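Worksheet: one structure, shown below.
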2 protein chains.
Amino acid sequence: MSTTEVPSVPATARERARAQVKAELLDAARARLEADGAAELSLRAVARDLGVASSAVYRYVESRDALLTLLIIETYDAVGAVAEQAAADARARGADPARTWLEVARAVRGWALAQPYAYELIYGTPVRGYRAPDDTVPSALRMWGVIVSVLQQAAEEGTLAPAGPDFDPHGRVTPAVVAVVGGALGPVSDDVLRIASRSATLFCSLLGAISAELFGHLHRFADDYGALFDVTIATAAAGVGLHADLSDA
Amino acid sequence: MSTTEVPSVPATARERARAQVKAELLDAARARLEADGAAELSLRAVARDLGVASSAVYRYVESRDALLTLLIIETYDAVGAVAEQAAADARARGADPARTWLEVARAVRGWALAQPYAYELIYGTPVRGYRAPDDTVPSALRMWGVIVSVLQQAAEEGTLAPAGPDFDPHGRVTPAVVAVVGGALGPVSDDVLRIASRSATLFCSLLGAISAELFGHLHRFADDYGALFDVTIATAAAGVGLHADLSDA
DNA sequence: TCACAACAGAGAGCAGTGCTCGCATCTGGA
DNA sequence: TCCAGATGCGAGCACTGCTCTCTGTTGTGA
């Protein structure tokens, strides 16, 4: 569960014990996080929970921000796994790409509502000036992988029919992104550029819909927030070319 | 500039002096906020900037959170004014509703990029458990007013052609929202409900697009983030029924 | 098996925070 | 002019992140 360092097989007994303690530390920190939120997460409080002096914690973690970074990575992995699972389940039920995306979005929303502080940790205001981005990138990319897979599937099936505007795709996406997205789509064509751009649209609509609801910007707006969420996601997805049917449920 | 209490005409000299000091306090706090961000905003630092003991600040403001709430209201008003101005300018230039919305979105993005900490203050992670919502609501509604006006204009012109899915609008919106939105649209019809729901879609797409960029989720994604933003906004707007042309610029 | 080096933990301490309270001081309004 | 109430100050409390030094333990290589 807890993401430790590289050595998956600790050599010495000392390293094993150390990994054990660090895992307990991360678990305690996660409990505090999900109870009080990232802003209130106090290293001293975590130390108290563990029955340990606050200074001892610094044997395992460089700083409070480093601890938060570890939790951020864990959380990106958790939400990435939720999205991947939702996509797999939907496809197993024979869902088309549009339906698959809707169910992924619903799953992520459900996860966010269940643990709002975890969602805030990764998709809310960044904690300090900058969290170390490079460490978190691989885990953060899992969500993007799901989005791109949905778009690729639709493109291959030929069901990707954008209702949104046509646009010059150049400049919208960097070569690095194209490399990731285009891997399964052959040479770098304008289509690949377009799909990459549209993955951002899907991501932004998901982020916006969940953040707006969670952060109170839709306060007293709807009776059925789940239904409103479906509309928001499906509407943006239609612009991208994924047309989901909301008449059934 | 600074939003003071209700008495726009202070009766006594004492009250005038008090309002003056409070305004200076808010200005200093805003400067700190825009320099360091809400999380780092320290009441003691503001007091130092004013050359005053930290305890003296409490004569004018109940707590740090109360000070933040005042800044939040100011900020909602600022971004609301930006949106209103952008809409007015666009209409003065003869822009259609879709174009108007795109320019509003661009203006808000420009404002957010210029003062990211102000944006984070209102659209990022809420500061404490709950900010007093009732005080901030009127200012926060200005943005929604702009969105609804664009949709109403399109509906009246008959150019509102949604590409997104059809949906049962009931439950998506509360009567209170309908009262606000439907004021200029006559009786509560399903069309009013639909427009209200779609205002949430526009809002969410704007929030998601700016937050994603500002919070680093599009890190190294694009060369031209402005162009990517246009695509995101226009694509979601197309789902709602506002079709903007991106081929010109 | 054993000595020792490396390591984990404790606790004091520093600088910072929000906030309270009692005390002086000043000043506006009668 | 006079004084009550407004205003500011500074000490102090409890909390934070983080550092430093010291002690006791424990795993490990010889």
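This is a predicted model, so every value here is computed, not measured. Below, chain A is the first sequence line, B the second, and so on; all start at residue 1.
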Specify the separation, in whole Å, of atom [atom1] of [X] and atom [atom2] of [N].
{"X": "Glu40(B)", "N": "dG17(D)", "atom1": "CD", "atom2": "P", "answer": "13 Å"}
{"X": "Asp36(A)", "N": "dT16(D)", "atom1": "CG", "atom2": "P", "answer": "11 Å"}
{"X": "Leu68(A)", "N": "dT16(D)", "atom1": "CG", "atom2": "P", "answer": "15 Å"}
{"X": "Leu43(A)", "N": "dG17(D)", "atom1": "CG", "atom2": "P", "answer": "5 Å"}
{"X": "Arg16(A)", "N": "dA8(C)", "atom1": "CZ", "atom2": "C1'", "answer": "17 Å"}
{"X": "Leu25(B)", "N": "dT7(D)", "atom1": "CG", "atom2": "P", "answer": "13 Å"}
{"X": "Lys22(A)", "N": "dA8(C)", "atom1": "NZ", "atom2": "P", "answer": "11 Å"}
{"X": "Asp65(B)", "N": "dC19(C)", "atom1": "CG", "atom2": "C1'", "answer": "12 Å"}

Sub-4.0 Å heavy-atom contacts from residues 46-55 of chain B onto DNA chain D, ordered by number =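 Correct list: Val52(B), Ala53(B), Ser55(B).
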Donor-acceptor pair, [X] side chain versus [Y] backbone, under 3.5 Å?
{"X": "Thr174(A)", "Y": "Arg220(B)", "value": "yes"}
{"X": "Arg32(A)", "Y": "Ser42(A)", "value": "no"}
{"X": "Arg64(A)", "Y": "Leu41(A)", "value": "yes"}

Given [options], identify the nucleotide with an atom nearest to the side chain of [X].
{"X": "Arg59(B)", "options": "dA10(C), dG17(D), dC23(C)", "answer": "dC23(C)"}
{"X": "Ala45(B)", "options": "dT17(C), dG8(D), dT16(D)", "answer": "dT17(C)"}
{"X": "Arg64(A)", "options": "dC19(C), dG29(C), dC18(D)", "answer": "dC18(D)"}

Report the relative orientation of the aromatic rings in His217(B) and Tyr76(A); use parallel for angles under 30°, tilted for 30 to 60°, perpendicular for over 60°.
->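 Because their plane-to-plane angle is over 60°, the rings of His217(B) and Tyr76(A) count as perpendicular.
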Picking from Val240(A), Val150(A), Leu151(A), what satisfies side chain to side chain contact (heavy atoms under 4.5 Å, CB included) with Trp101(A)?
->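 The residue from Val240(A), Val150(A), Leu151(A) that satisfies side chain to side chain contact (heavy atoms under 4.5 Å, CB included) with Trp101(A) turns out to be Val150(A).
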Would you kindly compare Ala56(A) and Arg14(B) by the position of their nearest DNA chain C nucleotide and give the one closer to the 5′ end?
->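 First, find each residue's nearest nucleotide; the 5'-ward one identifies Ala56(A).
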Could you check if a side-chain atom of Leu102(A) sits within less than 4.5 angstrom of a side-chain atom of Phe229(A), using non-hydrogen atoms only?
->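 No, every pair of side-chain atoms sits at 4.5 Å or beyond.
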Decide yes or no on side-chain contact (heavy atoms from CB on, under 4.5 Å) for Arg30(B) and Thr75(B), but give the supporting numbers first.
-> CA-CA 10 Å; Arg30(B) 171 153 295 278; Thr75(B) 308; 2.8 Å; yes
Mapping Val21(B) and Arg44(B) to their closest nucleotides on DNA chain D, which lands nearer the 5' end?
->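 Here Val21(B) is the residue nearer the 5' end.
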Find which nucleotide of DNA chain D each of Leu41(A) and Arg18(B) is nearest to by heavy atoms, and output the residue with the more 5' nucleotide.
->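 That would be Arg18(B).
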Please determine if a side-chain N or O atom of Tyr58(A) lies less than 4.0 Å away from the OP1 or OP2 oxygen of dC20(D).
->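 No, outside the criterion.
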